[in-house]
Amino acid sequence: MSVTAPRKRRKEARPAELTAAALELFVEKGFAATRLEDVAARAGVSKGTLYLYFDSKEALFKAVIQEGIIPVMLENEEIAARHTGCSFALMEKLLANWWSKIGQTDFAGIPKLMVAEARNFPEVAQYYYENVIRRGRALVGAALERGMASGEFREMDVETTIDVIIAPLLMLLIWRFSLSCCQSAESDPQLYLQIHIDLLRQGLRRLAPETQV
């Protein structure tokens with residue numbers, strides 16, 4: 001991963017510039033190894049200026065999530081509330097929006113950070129779980145229940161099925177920010193997602209009675 005050069009130092013910075021610098025460093029170094037002075041330097045301000053907005057690294061991390069990921073959760077909740085078509089189309093919309101706004105950005109590095117450091121920073125992990133993971137699971141679960149109720153999807157244990165749907169997406173991101181550097185050829189995330197969607201389409205649909213085992 002390329003290292004971004006520190007921004008030219010200046011006297012003032014907007015909070016959004018500080019959270020952008022923090023995101024870069026969290027993804028590059030991890031939560032534990034990122035220091036507030038590093039964030040200030042990357043944003044081109046003094047550490048004192050950073051403290052005008054954020055009194056701790058935990059507060060800075062929460063601001064990164066609030067500004068970058070929670071708005072996408074809100075978008076997906078609005079998509080689900082407005083959707084009137086089939087349930088699988090809703091699932092595709094939710095996953096596509098998540099991939100476009102999170103999976104293809106620096107925010108995609110956050111899941112790997114959480115997996116690696118959740119035990120050492122339980123407050124940060126709990127915040128992420130409540131505001132991102134729980135809400136994401138609720139959206140996928142509601143789409144599954146909608147499809148089961150309409151007869152579009154076959155009956156399955158909802159909580160376990162949520163795990164099966166989300167796990168490949170998380171693995172795609174974790175791999176991208178870890179062992180992908182060991183691959184001789186870069187993998188194609190779009191192909192990966194297409195295959196995942198195709199498998200979901202076949203696995204979720206309700207079979208005709210004569211084809212059921």
Side-chain angles (χ1 to χ4, degrees), residues 19 22-23 26-27 30-31 58 60-119 121-150 152-178 189-190 192-201 203-205:
T19 55
L23 175 61
F26 287 148
V27 171
F31 186 81
E58 288 76 11
L60 186 55
F61 177 83
K62 290 177 181 179
V64 168
I65 302 304
Q66 288 167 358
E67 291 182 12
I69 297 182
I70 290 179
V72 180
M73 306 306 297
L74 289 169
E75 283 183 19
N76 272 0
E77 287 166 355
E78 292 174 1
I79 288 171
R82 295 194 307 265
H83 185 77
T84 58
C86 71
S87 296
F88 192 79
L90 171 59
M91 191 80 70
E92 286 187 291
K93 285 182 181 178
L94 296 175
L95 296 180
N97 193 54
W98 175 85
W99 177 253
S100 173
K101 304 292 177 60
I102 302 296
Q104 294 183 313
T105 72
D106 284 346
F107 290 103
I110 297 295
K112 185 245 181 182
L113 180 153
M114 287 288 95
V115 169
E117 306 194 59
R119 293 287 185 181
F121 300 95
E123 178 188 348
V124 169
Q126 189 65 36
Y127 178 85
Y128 184 78
Y129 181 84
E130 294 296 334
N131 290 277
V132 179
I133 295 177
R134 187 186 292 277
R135 290 171 73 171
R137 290 180 64 87
L139 280 165
V140 174
L144 287 171
E145 290 174 347
R146 184 180 185 275
M148 292 179 195
S150 68
E152 181 184 347
F153 297 161
R154 59 192 178 92
E155 292 295 324
M156 293 168 288
D157 180 80
V158 172
E159 290 301 312
T160 304
T161 307
I162 293 171
D163 291 336
V164 173
I165 291 172
I166 292 177
L169 302 175
L170 292 180
M171 189 60 203
L172 176 61
L173 302 187
I174 292 170
W175 185 270
R176 172 185 162 192
F177 287 91
S178 57
Q190 292 299 333
Y192 181 107
L193 291 169
Q194 178 187 329
I195 292 173
H196 182 51
I197 290 293
D198 288 343
L199 291 174
L200 284 180
R201 182 180 290 106
L204 291 174
R205 67 187 179 89

CE of Met73 to CD of Glu77, rounded to nearest 0.5 Å, is 6.5 Å
Exercise for the section: Answer yes or no: is there a side-chain heavy-atom contact under 4.5 Å between Met148 and Met156? Expected result: yes
Item to check | Test item: Thr105 side-chain N/O and Ile102 main-chain N/O as donor-acceptor pair under 3.5 Å | outcome: yes
Closer than 3.5 angstrom, by distance alone: can the side chain of Ser87 be matched with the main-chain N or O of Gly147 as a donor-acceptor pair? yes
So CG of Leu169 and CD1 of Ile174: to nearest 0.5 Å the spacing works out to 11.0 Å
On a heavy-atom basis, the closest approach of Arg137 and Ile166 is CG-CD1, 4.0 Å
Between Ala108 and Arg176 the two heavy atoms that sit nearest each other are CB-NH1, 3.5 Å
Phe153 and Leu144 have their tightest heavy-atom pair at CD1-O, 3.7 Å
Margin query: What verdict does the side-chain contact (heavy atoms from CB on, under 4.5 Å) test give for Met91 and Arg201, after you've listed the backbone C-alpha separation in whole Å, the side-chain angles of each residue and the deciding distance to 0.1 Å?
Written below: CA-CA 10 Å; Met91 191 80 70; Arg201 182 180 290 106; over 6 Å; no
query: Would you say Pro111 and Phe177 make side-chain contact, with heavy atoms under 4.5 Å?
result: no
Point to revise | Within-4.5 Å side-chain heavy-atom neighbours: Phe88 and Ile197 | key: yes
Derivation and outcome, side-chain contact (heavy atoms from CB on, under 4.5 Å), residues Leu173 and Phe107: CA-CA 10 Å; Leu173 302 187; Phe107 290 103; over 6 Å; no
Within the distance-only criterion (no hydrogens, no angle test), does the side chain of Asn131 pair as donor or acceptor with the backbone N or O of Tyr127 below 3.5 angstrom?
yes
Taking the side chain as C-beta and beyond, is there a heavy-atom pair between Gln194 and Gln190 under 4.5 Å? no
Would Glu152 and Arg146 pass as an ion pair if we require N to O under 4.0 Å?
no
Is Ser100 reaching over with its side chain to a backbone N or O of Ala96, donor-acceptor style, under 3.5 angstrom? no
>> side-chain contact (heavy atoms from CB on, under 4.5 Å) for Val164 and Leu200? Distances and angles first, verdict last.
In response: CA-CA 9 Å; Val164 173; Leu200 284 180; 5.7 Å; no
When every non-hydrogen atom of Leu90 is compared with those of Ala143, the smallest separation belongs to CD2-CB, 4.0 Å
Given side chains that start at C-beta, do those of Met171 and Tyr192 come closer than 4.5 Å, heavy atoms only? yes
Rounded to the nearest 0.5 angstrom, the CG-NE2 distance for Asn76 and His83 is 12.5 Å
May I ask you to decide whether Glu130 forms a salt bridge with Arg135, counting only side-chain N to carboxylate O separations under 4.0 Å?
no
Between the CD1 atom in Ile133 and the CD1 atom in Ile162, the distance rounded to the nearest 0.5 Å is 12.5 Å
Rounding to 0.5 Å, atoms CD1 (Ile69) and CG (Leu74) come to a distance of 12.5 Å
- Message: Under 4.0 Å between a side-chain nitrogen and a carboxylate oxygen: does that hold for Glu123 and Lys62?
- Response: yes
> If we only count heavy atoms from C-beta on, is the Arg205 to Arg154 side-chain gap below 4.5 Å?
Replying inline: no
For His196 and Pro168 the tightest heavy-atom approach is CE1-CG, 3.5 Å
Scanning both residues in full, the closest heavy-atom pair of Phe31 with Glu117 reads N-OE2, 2.6 Å
- Message: Under the criterion side-chain contact (heavy atoms from CB on, under 4.5 Å), I'd like the reasoning laid out for Glu67 against Leu23: C-alpha separation, chi angles, the key distance, then a yes or no.
- Response: CA-CA 11 Å; Glu67 291 182 12; Leu23 175 61; over 6 Å; no
When rounded to the nearest 0.5 Å, the distance separating CH2 of Trp98 from CG of Leu193 is 8.0 Å
